[in-house]
Amino acid sequence: MLTTPVIRCLANQTESEIHFLTKKSFASVLAGNPYISKLWSTDGNDRVLVEQLRAEEFDWIFDMHKNSLSRHYCAQLDRPAIGFDKINVRKWLMVNLKVDLLPQKHLVERYFASLEPKGIHYDGLGLDYFLPDLIKEQSSALIPTKPFITIALGAAHATKQIPIAGIREICSQIDAPIVLLGGPKEKSLGDEISASFAHVVNTCGQFSLAESAFAVQKSRILVTPDTGMMHIGAALRKKMIVVWGNTIPQFGMYSFYPNGFNLATNYEVNGLNCRPCSKIGFKACPYGHFRCMLEQEYHRMAAEIEAVLGA
């Protein structure tokens, strides 16, 4: 999601043919992107794919991940490559020593700083997410007709996930329909919550990513942790409540709206000397208390939701 402004600006500001390589599990996010000439996907080190990419004779590569797999493909293709400042040392200092040398820049801004020598500049239009028309037609019957809110249950790491007690507290104070979003892993959690509230609908494991995005688009407000659904919400210019656990917005991956939009309220438990405990996340709180999520002011979130619904 955070690469989409780069894709759009490269397409609009150059005459280049743009190819995009990502993991197969992420390809659906970009499947309908009109600025991509060809979308490639991989499960890892694929020799056949390398030969196919070499045959394209690219002029240059922008490595927007800078991990071992992306470096491998850059090396195999042997074309001029541009990277970006991943600020890993500064993140390490913040996580381990609580020394804050983090730049006041979003990751998207760091991408474009690397592209300045190419004459590519950010256009101020935020992120892109393109919903297939078929999804819009299929999903219309599956979401409430009354004003409703969406809550994202899923997160790649448990220490980013909103705990069930917090979600229950929000649900207990909201009268409007609530749609729970997530994958198959969150289905049992969604079932447990929806069983307690008549106005809560669990779509976890039933909706595709695109269908979940359509639900977000139609909802009045999205409640989400620091996860991919937050970036989709920003791309759709939705009002959001973002609940931050072990990570912090200062890492530069907070909700990125178009210029002039500021639609997210960030909730954090400040003053915890253990936070941030990771730049990504863990399977469980490494200190055993999970205060960064359990001590959130969920009653304030519910009050903000009620204000949005009543507006």
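We're numbering straight along the sequence, starting at 1.
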Just by distance, do the side chain of R79 and the backbone of F58 share a donor-acceptor pair under 3.5 Å?
-> yes

Do P5 and D128 come within less than 4.5 Å of each other through their side chains, counting heavy atoms only?
-> no

Quick one: pull up NE2 in H199 and CD1 in I178 and give me the separation to the nearest 0.5 Å.
-> 4.0 Å

Please state whether the rings of F256 and Y122 are parallel, tilted or perpendicular, taking 30° and 60° as the class boundaries.
-> tilted

Following the transitive rule for hydrophobic clusters with a side-chain heavy-atom cut-off under 4.5 Å over Ile, Leu, Val, Met, Phe, Trp and Tyr, establish whether Y35 and V6 coincide in one cluster.
-> yes

Parallel, tilted or perpendicular: ring planes of F62 versus W60, cut at 30 and 60 degrees | tilted

State which residue, out of V243, D226, L189, I167, fulfils the side chain to side chain contact (heavy atoms under 4.5 Å, CB included) condition with Q161.
-> L189

What do the steps show when you test E304 against K239 for side-chain contact (heavy atoms from CB on, under 4.5 Å), and what is the final call?
-> CA-CA 11 Å; E304 181 175 344; K239 174 71 177 172; 3.4 Å; yes

With R237 as the cation and F261 as the aromatic partner, state whether NZ or CZ is under 6.0 Å from the six-membered ring centre and within 45° of the axis.
-> yes

Looking only at non-hydrogen atoms, find the nearest pair between Y254 and P249 and report the distance.
-> CD2-O, 3.1 Å

Applying the 4.5 Å side-chain criterion to the ILVMFWY set and letting contacts propagate, would L236 and I151 be lumped into a single cluster?
-> no

Under the side chain to side chain donor-acceptor pair (under 3.5 Å) rule, what do Y73 and T42 come out as? Steps first, then yes or no, please.
-> CA-CA 11 Å; Y73 278 100; T42 179; 3.0 Å; yes

Output, in order, the C-alpha distance, side-chain angles, deciding distance and verdict of side-chain contact (heavy atoms from CB on, under 4.5 Å) for K238 and I221.
-> CA-CA 6 Å; K238 295 304 299 183; I221 185 169; over 6 Å; no

Would you mind reporting whether I174 and E306 have side-chain heavy atoms less than 4.5 Å apart?
-> yes

Could you tell me whether the side chain of T159 and the main chain of G281 form a donor-acceptor pair under 3.5 Å?
-> no

Drop me the distance from K86's NZ to D63's CG, to the nearest 0.5 angstrom.
-> 8.0 Å

Check: L153 and C204 side chains under 4.5 Å, non-hydrogen atoms | yes

For the pair S37 (side chain) and I18 (backbone), establish whether a donor and an acceptor sit closer than 3.5 Å, ignoring hydrogens and angles.
-> yes

Quick one: closest heavy-atom pair of A27 and L39, and the distance?
-> O-CD2, 3.5 Å

Between D85 and R110, is there a side-chain N and carboxylate O pair less than 4.0 Å apart?
-> no

Verdict with reasoning, Q13 to H121, per side chain to side chain donor-acceptor pair (under 3.5 Å) | CA-CA 8 Å; Q13 298 172 28; H121 60 273; 3.2 Å; yes

Compare all side-chain heavy atoms of V95 with those of C277 and state whether any distance is below 4.5 angstrom.
-> no

Is there side-chain contact between Y267 and I162, with heavy atoms separated by less than 4.5 Å?
-> no

Show the numbers, then the answer: is there a side-chain contact (heavy atoms from CB on, under 4.5 Å) between F148 and K218?
-> CA-CA 8 Å; F148 69 98; K218 292 298 182 181; 3.9 Å; yes

Taking the side chain as every heavy atom from C-beta outward, state whether C9 and F112 have any atom pair closer than 4.5 Å.
-> yes

If you count the non-hydrogen atoms of other residues, nucleotides and ligands that lie under 6.0 Å from NZ in K105, is the total more than 12?
-> no

Please name the pair of heavy atoms, one in K66 and one in R71, separated by the smallest distance, quoted to 0.1 Å.
-> O-NH1, 3.2 Å

Atom pair OG (S219) and CZ (F214), whose distance is rounded to the nearest 0.5 Å = 11.0 Å

How far apart are the closest heavy atoms of A158 and F290, and which atoms are they?
-> O-CZ, 3.7 Å

same_hphob_cluster(Y257, Y129) at 4.5 Å side-chain heavy-atom cutoff = yes

Would you mind reporting whether K279 and T247 have side-chain heavy atoms less than 4.5 Å apart?
-> no

Sub-3.5 Å donor-acceptor pair from the side chain of H65 to the main-chain atoms of N67, do we have one?
-> no

Under 4.0 Å between a Lys/Arg side-chain N and an Asp/Glu carboxylate O for R8 and D123?
-> yes

When you look at CD of Q104, are more than 12 heavy atoms from neighbouring residues, nucleotides or ligands closer to it than 6.0 Å?
-> no

Determine, stepwise, if the pair D191 / S188 fulfils side chain to side chain donor-acceptor pair (under 3.5 Å).
-> CA-CA 5 Å; D191 285 342; S188 60; over 6 Å; no

Are the side chain of K187 and the backbone of T203 linked by a donor-acceptor contact shorter than 3.5 Å?
-> no

Judged by atom type as modelled, is there a donor-acceptor pair below 3.5 Å linking the side chain of E51 to the main-chain atoms of R47?
-> no

Do other residues, nucleotides or ligands put more than 12 heavy atoms under 6.0 Å from D78 CG?
-> no

K23 atom NZ, over 12 foreign heavy atoms within 6.0 Å = no

Matching residue for W244 among M230, K160, M293 - test: side chain to side chain contact (heavy atoms under 4.5 Å, CB included) | M230

Would you kindly confirm whether L102 and V89 end up in one hydrophobic cluster when ILVMFWY residues are joined by side chain heavy atoms under 4.5 Å apart?
-> no

Of all heavy-atom pairs between R168 and F197, which one has the smallest distance, and what is that distance?
-> O-CZ, 3.7 Å

Look at E17 together with K38 and state whether they make a salt bridge at an N to O cut-off of under 4.0 Å.
-> no

Check: K98 side chain, P276 main-chain N or O, donor-acceptor pair, under 3.5 Å | yes

Single-linkage hydrophobic cluster L2~I280, side-chain heavy atoms < 4.5 angstrom = no

Does atom CG of N262 have more than 12 heavy-atom neighbours from other groups under 6.0 Å away?
-> no

Nearest atoms (heavy-atom pairs only) where C171 meets V200 | SG-CG2, 3.9 Å

If you draw a 6.0 Å radius around NE2 in H157, do more than 12 non-hydrogen atoms from other residues or ligands fall strictly inside?
-> yes

Check for a donor-acceptor pair, side chain of T14 on one end and backbone N or O of A11 on the other, with a separation under 3.5 Å.
-> no

List the steps, then state whether side-chain contact (heavy atoms from CB on, under 4.5 Å) holds for F84 with L115.
-> CA-CA 9 Å; F84 70 102; L115 290 172; over 6 Å; no

Please examine the side chains of H19 and L53, heavy atoms only from C-beta on, and report whether any two atoms are closer than 4.5 Å.
-> no

Give a yes or no answer on whether the side chain of R220 reaches the backbone of I305 with a donor-acceptor pair at less than 3.5 Å.
-> no

Atom OH in Y287, atom CG in N246: separation rounded to 0.5 Å?
-> 10.5 Å

Here the gap from T224 atom OG1 to H231 atom NE2, rounded to the nearest 0.5 Å, amounts to 9.0 Å

